[in-house]
Amino acid sequence: MKKFFVALMAVIFLNLNICAAEDLKFIDSSGDDGYFIDMDTVKIESPKIFSVNLAIIRLDSNQMEVIDLQINHSQKTYLIRSTRTLSYDERTEIKSDNTPRTPKSYSDKSFMGDIVQIVLYGGE
């Protein structure tokens with residue numbers, strides 16, 4: 001089942017790059033959800049802070065959640081600035097929330113730590 005999911009995510013990844021001109025990098029998967037960062041959205045705001053969009057593709061509901069993150073890698077915190085839920089196939093917006101959340105901490109060995117490694121160091 002895991003091999004099938006990885007193959008399916010590769011097809012989705014290629015489809016996303018062709019259809020939406022996004023530069024998505026695969027981060028992880030959990031069940032039928034795939035986690036990607038859109039490298040086209042990376043913005044270095046200061047030497048310590050950058051922003052990036054996290055895309056969560058939910059196969060079971062044919063939806064994609066796009067999360068606008070601001071990451072302070074020197075303090076190891078992240079802030080969710082907004083979220084949008086889209087129909088995956090048509091990219092039409094289903095709902096959005098522009099309310100910033102409270103900043104949260106992350107560790108280097110966490111999912112958010114993986115995002116920081118990919119953005120800052122190319123995943124090496």
Which distance, rounded to the nearest 0.5 Å, do you find between the [atom1] of [X] and the [atom2] of [Y]?
X	Y	atom1	atom2	result
Asp28	Tyr35	CG	OH	8.0 Å
Ser51	Ile44	OG	CD1	8.0 Å
Gln70	Thr77	CD	OG1	8.0 Å
Met64	Tyr88	CE	OH	7.5 Å

Minimum heavy-atom separation for Val52 and Asp38, please, with both atom names.
CG2-O, 3.7 Å
Measure across Ile67 and Thr83 and return the closest heavy-atom pair with its distance rounded to 0.1 Å.
CG1-CG2, 4.0 Å
Which residue pairs pass the salt bridge (Lys or Arg N to Asp or Glu O under 4.0 Å) test when at least one of the two sits in residues 43-55, sequence neighbours left out?
Glu45-Arg81
Check whether [X] and [Y] end up in the same hydrophobic cluster, where Ile, Leu, Val, Met, Phe, Trp and Tyr are linked by side-chain heavy atoms less than 4.5 Å apart.
X	Y	result
Leu69	Leu79	no
Ile27	Val42	yes
Val66	Leu59	yes
Met112	Ile49	no

Heavy-atom side-chain proximity of Phe36 to Asn53 below 4.5 angstrom:
no
Less than 4.5 Å apart, any side-chain heavy atom of Leu86 and any of Thr92?
no
Side chain to side chain contact (heavy atoms under 4.5 Å, CB included) between Phe111 and Leu54: does it pass, once the steps are laid out?
CA-CA 11 Å; Phe111 174 78; Leu54 170 66; 3.9 Å; yes
Checking Arg101 now: which residues fulfil salt bridge (charged side-chain N to carboxylate O under 4.0 Å, His left out) with it, not counting sequence neighbours?
Asp97
Residues two or more places apart in sequence or in another chain: which of them pass salt bridge (charged side-chain N to carboxylate O under 4.0 Å, His left out) with Asp89?
none
Looking at Arg58, Arg84, Lys95, which hits salt bridge (Lys or Arg N to Asp or Glu O under 4.0 Å) with Glu65?
Arg58
Quick one: ring pair (Phe, Tyr, Trp, His ring centres under 6.0 Å) pairs with a partner in residues 37-58, sequence neighbours left out?
none
Okay, side chain of [X], backbone of [Y]: is any donor-acceptor separation there less than 3.5 Å?
X	Y	value
Thr85	Ile94	no
Ser30	Asp33	no
His73	Pro47	yes

With sequence neighbours excluded, residues passing side chain to side chain contact (heavy atoms under 4.5 Å, CB included) with Lys76
Tyr106, Asp108
Evaluate the criterion side chain to side chain contact (heavy atoms under 4.5 Å, CB included) for residue pair Asn72 and Tyr78; output intermediate values, then yes/no.
CA-CA 6 Å; Asn72 184 325; Tyr78 68 96; over 6 Å; no
Give the C-alpha distance, both sets of side-chain angles, the deciding distance and a yes or no for side chain to side chain contact (heavy atoms under 4.5 Å, CB included) between Met39 and Ile118.
CA-CA 9 Å; Met39 296 302 290; Ile118 289 171; 4.2 Å; yes
Does a donor on one side chain sit under 3.5 Å from an acceptor on the other, for Asn98 and Ser96?
no
Taken in chain and number order and not counting sequence neighbours, the residues that satisfy side chain to side chain donor-acceptor pair (under 3.5 Å) with Ser107 are none
